[in-house]
Amino acid sequence: MNRKIKLLWDFRGEDASETAKHHTKHLREFATLEKLPFYEIDIQEKNPMLISAFIVVDEINMKIYRDALKPHRGEVF
């Protein structure tokens with residue numbers, strides 16, 4: 001069974017929400033250009049000053065995303 005991995009990029013400060021939303025556009029563009037599958041791209045709010053952009057991918061594709069996009073962290077989803 002292939003696990004799903006959530007790769008996250010954290011943004012802090014007053015503009016964190018807008019920056020995270022913008023980052024999701026780049027995640028979608030990368031996946032489309034590279035023809036890589038993904039399950040979900042979105043943002044999650046820890047608090048108003050800490051917002052994360054994320055993409056959920058299969059573990060088999062995680063290294064491609066990780067090496068190219070340098071996420072801040074990852075979680076088994």
Side-chain angles (χ1 to χ4, degrees):
M1 180 155 108
N2 197 18
R3 297 186 301 178
K4 294 179 186 174
I5 306 293
K6 181 188 265 188
L7 301 173
L8 299 109
W9 292 261
D10 298 324
F11 300 96
R12 292 175 171 79
E14 294 176 3
D15 297 329
S17 180
E18 290 304 314
T19 304
K21 286 176 190 173
H22 180 76
H23 193 72
T24 63
K25 293 177 186 176
H26 293 294
L27 295 174
R28 195 171 306 280
E29 287 172 357
F30 177 81
T32 301
L33 286 171
E34 298 297 322
K35 297 181 173 92
L36 293 168
F38 64 90
Y39 292 97
E40 182 180 8
I41 296 174
D42 208 348
I43 63 170
Q44 64 185 30
E45 181 176 328
K46 299 276 186 181
N47 64 61
M49 299 293 276
L50 175 57
I51 314 288
S52 299
F54 70 86
I55 185 169
V56 178
V57 300
D58 284 322
E59 185 175 26
I60 195 165
N61 296 315
M62 180 271 301
K63 288 183 182 180
I64 298 169
Y65 281 100
R66 182 198 67 197
D67 293 348
L69 302 177
K70 311 286 191 253
H72 296 142
R73 57 196 169 92
E75 302 173 351
V76 176
F77 189 67

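We use all heavy atoms of the structure for the numbers below, so side chains are in, but hydrogens, waters and symmetry mates are not. Starting from 1, each residue takes its place in the sequence as its number.
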- Message: Using the rule given for side chain to side chain contact (heavy atoms under 4.5 Å, CB included), can you reason through L36 versus I64, listing the C-alpha separation, both sets of side-chain angles and the distance that settles it, and then say yes or no?
- Response: CA-CA 9 Å; L36 293 168; I64 298 169; 3.6 Å; yes
- Task: Determine the minimum heavy-atom distance between M49 and A16, stating which atoms define it.
- Result: O-CB, 4.3 Å
- Item | Selection residues 5-22 - residue pairs positive for side-chain hydrogen bond (donor to acceptor under 3.5 Å, both in side chains), sequence neighbours left out | K6-Q44, D10-S52, D10-R73, H22-H26
- Tightest non-hydrogen contact, residues L8 and G74, listed as CD1-CA, 4.4 Å
- Item | side chain to side chain contact (heavy atoms under 4.5 Å, CB included) assessment of V76 paired with I5 | CA-CA 5 Å; V76 176; I5 306 293; 4.1 Å; yes
- Item | Selection residues 33-71 - residue pairs positive for ring-ring contact (aromatic ring centres under 6.0 Å, His included), sequence neighbours left out | F30-Y65
- Item | Considering all heavy atoms, the nearest I51-A20 contact | CG2-CB, 3.6 Å
- Output the distance between atom CG (L7) and atom CD1 (I41), rounded to the nearest 0.5 Å. 10.5 Å
- Task: Measure from the side-chain N and O atoms of K63 to the backbone N and O of I60, and report whether any donor-acceptor pair falls under 3.5 Å.
- Result: no
- Do the side chain of D58 and the main chain of N61 share a donor and acceptor less than 3.5 angstrom apart? no
- Reported CD1-to-NZ distance for the pair I55 and K4, which is rounded to 0.5 angstrom: 13.0 Å
- May I ask whether V56 and I43 are part of the same hydrophobic cluster, defined by side-chain heavy atoms of I, L, V, M, F, W, Y residues being less than 4.5 angstrom apart, directly or through others? no
- Do the side chains of L27 and M62 join up, straight or via other hydrophobic residues, at under 4.5 Å, putting them in one cluster? yes
